[in-house]
**Student:** 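Below is a structure I'd like to ask you about.
Just so you know, these numbers use all the heavy atoms, side chains as well, and skip hydrogens, waters and symmetry mates. Quick caveat: nothing in here was measured; it's all calculated off a predicted structure.
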Amino acid sequence: MLVGDPTQWIEQFRSLDARFLDCVLAVWPMCLAVLPKKPDEDTITINLVNILSRDARARRLFHHLAYQHEPFGYTADGWAYSKGKIDMALLLDQERERYLAYECKRLNVVRNGTTRSLATPYVLEGMLRFITQQYAANLPVGCMLGYVLDGNVNTARTKVQAAIDTYKAEIGLMEEPTDVQPLGPVERLSSLHCRPSNGSEIEIRHALLPFPAA
């Protein structure tokens with residue numbers, strides 16, 4: 001957990017997100033070189049984590065970069081249980097509940113000549129986990145990383161924004177997503193949400209990372 005007012009950590013998380021994405025962009029060609037054709041989300045993420053964990057510049061940003069990090073929940077009797085597995089988490093120190101979480105989803109997946117945006121799962125199977133506090137409970141920021149498999153980040157962005165608008169009630173959207181300065185080919189957005197369980201706010205930061213166009 002964070003000590004003090006969680007909102008005081010927001011700027012630190014934003015800065016960490018930007019610096020981490022810069023490292024992701026730097027090693028992205030290395031990751032692409034080892035991936036099979038038509039990789040699934042887990043294959044992309046585990047290879048990205050593997051490369052970043054060995055990158056000297058990236059390693060200065062975190063205590064540990066965890067693949068499939070399991071945050072704990074607690075019953076009324078004090079028993080701990082797993083709340084699921086976050087695709088990728090930057091642990092800031094040895095405290096396992098102090099991290100910047102990244103949920104990773106594929107977008108614009110081409111199958112049999114047809115492109116599926118997968119924007120709805122991005123929202124309901126990714127973003128929603130931050131709103132329900134399954135992930136990043138008591139933390140003010142969470143991140144989404146979209147792997148745009150056909151390279152068309154503009155279309156992916158349009159579809160994601162449309163899905164966010166469609167499910168704005170489910171995800172407690174407080175205001176329309178705003179632009180964040182892009183990093184090279186990476187399109188970035190920020191959206192603000194209210195968690196229904198306790199009325200707390202969480203900012204979700206979105207980064208759309210393109211694969212090379214086919």
Side-chain angles (χ1 to χ4, degrees), residues 10-11 13-33 35 38-41 43-45 47-49 51-52 55 57-58 61 86-90 100-110 114-131 135-136 140-168 171 173-193 202-214:
I10 291 177
E11 285 303 324
F13 277 129
R14 288 172 177 166
S15 175
L16 178 59
D17 174 49
R19 287 178 289 152
F20 180 68
L21 288 174
D22 194 48
C23 290
V24 169
L25 198 55
V27 304
W28 190 231
M30 295 172 57
C31 186
L32 291 173
L35 291 176
K38 299 181 179 179
D40 59 25
E41 290 157 10
T43 299
I44 301 168
T45 305
N47 279 280
L48 184 57
V49 168
I51 293 170
L52 286 166
D55 182 78
R57 184 162 70 105
L61 300 179
I86 302 170
D87 290 329
M88 183 165 57
L90 282 69
L100 183 61
Y102 286 82
E103 259 306 280
C104 305
K105 295 294 180 187
R106 293 184 305 166
L107 295 167
N108 290 9
V109 176
V110 180
T114 300
T115 301
R116 300 177 59 200
S117 77
L118 299 186
T120 294
Y122 177 98
V123 173
L124 296 183
E125 298 174 15
M127 294 176 64
L128 190 60
R129 292 174 181 173
F130 292 111
I131 313 307
Y135 299 158
V141 175
C143 300
M144 294 291 301
L145 183 58
Y147 303 129
V148 185
L149 295 195
D150 70 349
N152 193 335
V153 293
N154 290 328
T155 297
R157 177 184 177 134
T158 298
K159 296 291 186 180
V160 164
Q161 288 182 298
I164 288 174
D165 186 63
T166 297
Y167 299 104
K168 58 187 176 183
I171 60 176
L173 186 68
M174 299 179 66
E175 55 191 43
E176 291 300 310
T178 57
D179 293 335
V180 178
Q181 184 176 359
L183 289 171
V186 180
E187 288 286 333
R188 302 166 70 209
L189 298 167
S190 173
S191 53
L192 187 64
H193 308 262
I202 182 169
E203 177 186 359
I204 298 181
R205 299 177 66 80
H206 309 257
L208 305 182
L209 181 64
F211 274 62

**Student:** Measuring from Ile44:CD1 to Leu145:CG, what's the distance to the nearest 0.5 Å?
**Tutor:**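 Nearest 0.5 Å value for the CD1-CG distance: 9.0 Å.
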**Student:** Rounded to the nearest 0.5 Å, what separates atom OG in Ser191 from atom CD1 in Ile131?
**Tutor:**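 It comes to 7.5 Å.
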**Student:** Provide the closest heavy-atom pair for Ile202 versus Ala136 in the form atom of the first, atom of the second, distance.
**Tutor:** CD1-CB, 4.4 Å
**Student:** Ignoring hydrogens and geometry, is there a side-chain-to-backbone donor-acceptor pair from Glu103 to Asp87 under 3.5 Å?
**Tutor:** yes
**Student:** Under the rule for side-chain contact (heavy atoms from CB on, under 4.5 Å), what residues qualify as partners of Thr158, not counting sequence neighbours?
**Tutor:** none
**Student:** Hey, are the side chains of Lys105 and Leu118 touching, using non-hydrogen atoms and a 4.5 Å cut-off?
**Tutor:** no
**Student:** Determine whether more than 12 heavy atoms belonging to other residues, nucleotides or ligands lie under 6.0 Å from atom NZ of Lys159.
**Tutor:**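 Counting neighbours around NZ of Lys159, 12 or fewer heavy atoms of other residues, nucleotides or ligands fall under 6.0 Å, so no.
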**Student:** Within the 3.5 Å criterion, strictly below it, is a donor on Tyr147 or Thr45 matched to an acceptor on the partner's side chain?
**Tutor:** yes
**Student:** Measuring from Arg205:CZ to Met144:CE, what's the distance to the nearest 0.5 Å?
**Tutor:** 14.0 Å
**Student:** Can you find a pair of side-chain heavy atoms, one from Pro185 and one from Val153, that are under 4.5 Å apart?
**Tutor:** no
**Student:** Report the C-alpha distance between His206 and Ile164 in whole Å, list the side-chain angles of each, state the deciding distance to 0.1 Å, and finish with yes or no for side chain to side chain contact (heavy atoms under 4.5 Å, CB included).
**Tutor:** CA-CA 12 Å; His206 309 257; Ile164 288 174; 4.1 Å; yes
**Student:** Do Glu176 and Asp165 make a side-chain contact, defined as non-hydrogen atoms from C-beta onward lying under 4.5 Å apart?
**Tutor:** yes
**Student:** For Phe211 and Leu35, run side chain to side chain contact (heavy atoms under 4.5 Å, CB included): C-alpha distance rounded to whole Å, both residues' side-chain angles, the deciding distance at 0.1 Å, then the answer.
**Tutor:** CA-CA 11 Å; Phe211 274 62; Leu35 291 176; 4.0 Å; yes
**Student:** Minimum heavy-atom separation for Ile171 to Met127, with atom names?
**Tutor:**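 Closest approach of Ile171 to Met127, heavy atoms only: CD1-CE, 3.8 Å.
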**Student:** Name every donor-acceptor pair, under 3.5 Å, that has one atom in a side chain of residues 19-30 and the other anywhere in the protein, sequence neighbours excluded.
**Tutor:**
| residue | atom | partner | partner atom | Å |
| --- | --- | --- | --- | --- |
| Arg19 | NE | Ser15 | O | 3.3 |
| Arg19 | NE | Ser15 | OG | 3.3 |
| Asp22 | OD2 | Arg57 | NH1 | 3.1 |
| Trp28 | NE1 | Pro210 | O | 3.0 |

**Student:** Can you check whether Asn108's main-chain N or O pairs, donor with acceptor, with Asn152's side chain at less than 3.5 Å?
**Tutor:**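 No, the answer is negative, given that no donor and acceptor are paired below the 3.5 Å cut-off.
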**Student:** For residues Leu90 and Tyr102, determine if any side-chain heavy atom of one lies less than 4.5 Å from a side-chain heavy atom of the other.
**Tutor:** yes
**Student:** To the closest 0.5 Å, what do you measure between CG (Leu173) and OG1 (Thr166)?
**Tutor:**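 Nearest 0.5 Å value for the CG-OG1 distance: 11.0 Å.
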**Student:** Judged by atom type as modelled, is there a donor-acceptor pair below 3.5 Å linking the side chain of Arg188 to the main-chain atoms of Gln181?
**Tutor:** yes
**Student:** Has the side chain of Asn47 got a donor or acceptor atom that lies under 3.5 Å from a matching backbone atom of Thr43?
**Tutor:** yes
**Student:** Please name the pair of heavy atoms, one in Phe130 and one in Gly142, separated by the smallest distance, quoted to 0.1 Å.
**Tutor:** CE2-CA, 3.8 Å
**Student:** More than 12 foreign heavy atoms under 6.0 Å from CZ of Arg116: is that the case here?
**Tutor:**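 It does not: Arg116 CZ has 12 such atoms or fewer within range.
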**Student:** Check whether any side-chain heavy atom of Ser190 sits under 4.5 Å from a side-chain heavy atom of Arg14, and report yes or no.
**Tutor:**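 In short, these two side chains do not touch, never coming nearer than 4.5 Å.
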**Student:** By the definition side chain to side chain contact (heavy atoms under 4.5 Å, CB included), identify the one residue from Thr155, Leu209, Val160, Leu149 that meets it with Leu107.
**Tutor:**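 Of the listed residues Thr155, Leu209, Val160, Leu149, the side chain to side chain contact (heavy atoms under 4.5 Å, CB included) partner of Leu107 is Val160.
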